[in-house]
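Take a look at the structure below.
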Protein chains: 2
Amino acid sequence: MSETTTVTPQRRVTLAQVAEHAGVSLKTASRALGGEPHVTDQTRQRVLSAATTLGYRRNTAASLLASGRVAELVGLVTGDLTNPFYAALAQGLEDVIDPAGVQLNVASTREDPEQEWRLVRDLADLRVRGLAIVSAMDDHSRYAELQARGIELIFVDRPAQGVSACSVISDNLGGGRAAATHLLQHGHRRISFVGDYSWLHTYRQRVDGMGQVLDPEAPQWRELIRDGAHDSATARRHVLELESSDQPPTAYVAGNNRVLLGILEALSTTREDRPMPAVLGFDDVEWGPVMQLSVVATDPYRMGRLAGEQLVAGPSATEEPLVVPTSLIARGSGERQS
Amino acid sequence: MSETTTVTPQRRVTLAQVAEHAGVSLKTASRALGGEPHVTDQTRQRVLSAATTLGYRRNTAASLLASGRVAELVGLVTGDLTNPFYAALAQGLEDVIDPAGVQLNVASTREDPEQEWRLVRDLADLRVRGLAIVSAMDDHSRYAELQARGIELIFVDRPAQGVSACSVISDNLGGGRAAATHLLQHGHRRISFVGDYSWLHTYRQRVDGMGQVLDPEAPQWRELIRDGAHDSATARRHVLELESSDQPPTAYVAGNNRVLLGILEALSTTREDRPMPAVLGFDDVEWGPVMQLSVVATDPYRMGRLAGEQLVAGPSATEEPLVVPTSLIARGSGERQS
DNA sequence: GTGAAAGCGCTAACAG
DNA sequence: CTGTTAGCGCTTTCAC
């Protein structure tokens, strides 16, 4: 049933061979294959069929070297693909660039700035056309070096700082306001925001948005802010500590999808002698509908697409960040309790 | 606060310039930078520091062209990164190859064989060192063409068919047996397996494993098999249909993580006038612990790592598939009902 | 241990 | 419209 094929290594077909087979000069073959003008349709056909029969594929390295062009390649630098937020971003990006004939290279920083810089330079060495970066750095002036090499930069989710480049971000301020408003309307006053690294632009904007609504109504909310939770384990610890206090919060806001997981894990193990607190997530999760979770949804897939569009379109004038809206999705009644 | 840096494009530094700056010949500079022997430590130092001060970075395209070597690059071809299974696979792969100085290119087939072939050839044109493929094809004899080009192939999750190449797969047969045994022990007889595409090796193995246990005990289970559910929507439809039958199943087995989502979505909307059926997933999900879901866990991250190890180690003799164990994780009591 | 020349496969100028 | 001549930046002979 399964006939196994084996083949011996063979030298690759070169353009010269195609040209000879088609009876034209090297350059003519190059033109025909490259889709350049000034070639008779008939000649082009001859070259094309010669290429097909010979199984010719252009040598990218040679082509790039001779032309000085950049590769049809873009790089994506994120924290870690196991975070569905980044995975969705990657897929959005790929969905846009693939039809444009551009390939995707990915690299993970694990939120380490040094690692990021190393990865970004390695990517640059591949002569990528552009880079989409979810940066772990708070200052991007070093990136100017890459722009000087002709590489287009798009900062995603976290805006560019100290370098003149394009950014695609979420409306975190609006999201923060929406979260706070929602919880206030459901009667909550003791609200705890468990957030990501405090140096993150996204973190600060979300807190600020919530503050705009909560500071006048329930100023004590700031005492319940906890940060540094980029993973679920840290979030879990924060919640366990809060839950064991005299006056635990009646509602938790998860600063990101990992935190959401951590909060829910923690709450599922804590004492049952009080009403289950409400939980509101930032970033939607695939299991949100099943668990009836309310969230302020961001749209990483869309952000990926936007980044991809910028990258294939080439250098843009836009320096004002592109802001992707967030939306509050109320599901079930989890947040109605007090 | 944020001083913006701007730089004008500049020509890249070449090896010749480094050589001149260091007062050595082109070749010596090449040797020093390339870590080749036969260079005085002193000379090497001079070249290295010249390279640093000039900001030299080797031109990969030129280097590859001249040497004829392959790029320090591997490709990963999966269905779609938004599936956490593939995302974990990608991350496992990257975690292994990055320390080895190899970069990762990703591409999505969307389970279309034609698309796959196109992507795989484009990747090959980048002169990747190797390719890890979760293939949407049921015959891989065409892949011999890539091997002939010197590209190493690793088939992941779904074994190579019709070509002599390495495979890394899950113990689906054992997983199927474990799932069936578990449910039998909890008193279930009307068990429905809602599976992926029926042409998938993983699907067939899982069914076969279950059959080994269930056929003798509850032969009618096969009537409740449903397939073609690679996404949650299809799974949802299957469940809604089964639930509206006279004798709905007392337990569902989800053939993959998308199906699991679909089953749970469907069950959350169906009539409540009967005990909630048990649900057992294939593939673990991040929200498993929170929802107290029992699963037969596969280990895509580990599979990614194994694939990466093969790829960086270079051509291996192994043609026998590497089988990664699955493990039944019993959580909560969902499957105890009848 | 180091250097000079040749050429990887292709494309950019120009010339015809 | 087509062909010739140079190189892209690097690595490989093979001398010295």
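As the structure is a computational prediction, the values presented were derived from the model and not from experiment. Just so you know, these numbers use all the heavy atoms, side chains as well, and skip hydrogens, waters and symmetry mates. Every chain is numbered from 1 and lettered A, B, ... according to where its sequence line falls, protein lines coming before strand lines.
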[N] [atom2] sits how many Å from [X] [atom1], rounded?
X: A/Arg127; N: C/dC10; atom1: CZ; atom2: C1'; value: 14 Å
X: B/Arg58; N: D/dC8; atom1: CZ; atom2: C1'; value: 16 Å
X: A/Asp125; N: D/dC10; atom1: CG; atom2: C1'; value: 14 Å
X: A/Asn59; N: D/dC8; atom1: CG; atom2: P; value: 18 Å

Quiz item: Which parts of residues 60-69 of chain B get close to DNA chain C, meaning a heavy atom less than 4.0 angstrom away?
Solution: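 Listed by number, they are B/Leu65, B/Ala66.
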
If you measure only the distance, is there a donor-acceptor pair under 3.5 Å linking the side chains of [X] and [Y]?
X: A/Ser63; Y: A/Thr60; result: no
X: A/Thr109; Y: A/Gln115; result: no
X: B/Thr52; Y: B/Ser49; result: no

Exercise. Could you list all the ring-ring contact (aromatic ring centres under 6.0 Å, His included) pairs where at least one residue sits in residues 38-87 of chain B, not counting sequence neighbours?
Key: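 Listed by first then second residue: nothing to list.
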
Self-check item: Qualifying ring-ring contact (aromatic ring centres under 6.0 Å, His included) pairs, either residue in residues 104-161 of chain B, two or more places apart
Solution: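 Applying ring-ring contact (aromatic ring centres under 6.0 Å, His included) to every pair that reaches into residues 104-161 of chain B, excluding sequence neighbours, yields B/Trp117-B/Tyr143, B/His140-B/Tyr143, B/His140-B/Phe155, B/Tyr143-B/Phe155.
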
Quiz prompt | Exam field: side chain B/Ser108 to backbone B/Thr78, donor-acceptor pair closer than 3.5 Å | solution =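 No, the answer is negative, given that no donor and acceptor are paired below the 3.5 Å cut-off.
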
Exercise. With sequence neighbours left out, write down each residue that passes side chain to side chain contact (heavy atoms under 4.5 Å, CB included) with A/Ala90, or none if nothing qualifies.
Key: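 Only A/Leu76, A/Leu81, B/Leu81 meet the side chain to side chain contact (heavy atoms under 4.5 Å, CB included) criterion with A/Ala90.
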
Quiz prompt | Terminal axis angle for the helix from C/dG1-D/dC16 to C/dG16-D/dC1, five pairs an end, nearest 10 degrees | solution =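 If I round to tens, the end axes sit 30° apart.
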
Please produce a list of atom pairs where a protein N or O lies less than 3.5 Å from an N or O of nucleotides 1-5 of chain C.
from	atom 1	to	atom 2	distance (Å)
C/dG1	OP2	B/His38	ND1	2.9
C/dG1	O3'	B/Thr40	OG1	3.0
C/dT2	OP1	B/Thr40	OG1	2.9
C/dT2	OP1	B/Thr43	OG1	2.8
C/dT2	OP2	B/Thr40	N	2.8
C/dT2	OP2	B/Thr40	OG1	3.1
C/dG3	OP2	B/Ser25	N	3.0
C/dG3	OP2	B/Ser25	OG	3.1
C/dG3	OP2	B/Thr28	OG1	2.4
C/dG3	N7	B/Arg31	NH2	2.9
C/dG3	O6	B/Arg31	NH1	3.4
C/dG3	O6	B/Arg31	NH2	3.2

Self-check item: Over 12 non-hydrogen atoms of neighbours within 6.0 angstrom of CD in A/Glu309
Solution: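 Counting neighbours around CD of A/Glu309, more than 12 heavy atoms of other residues, nucleotides or ligands fall under 6.0 Å, so yes.
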
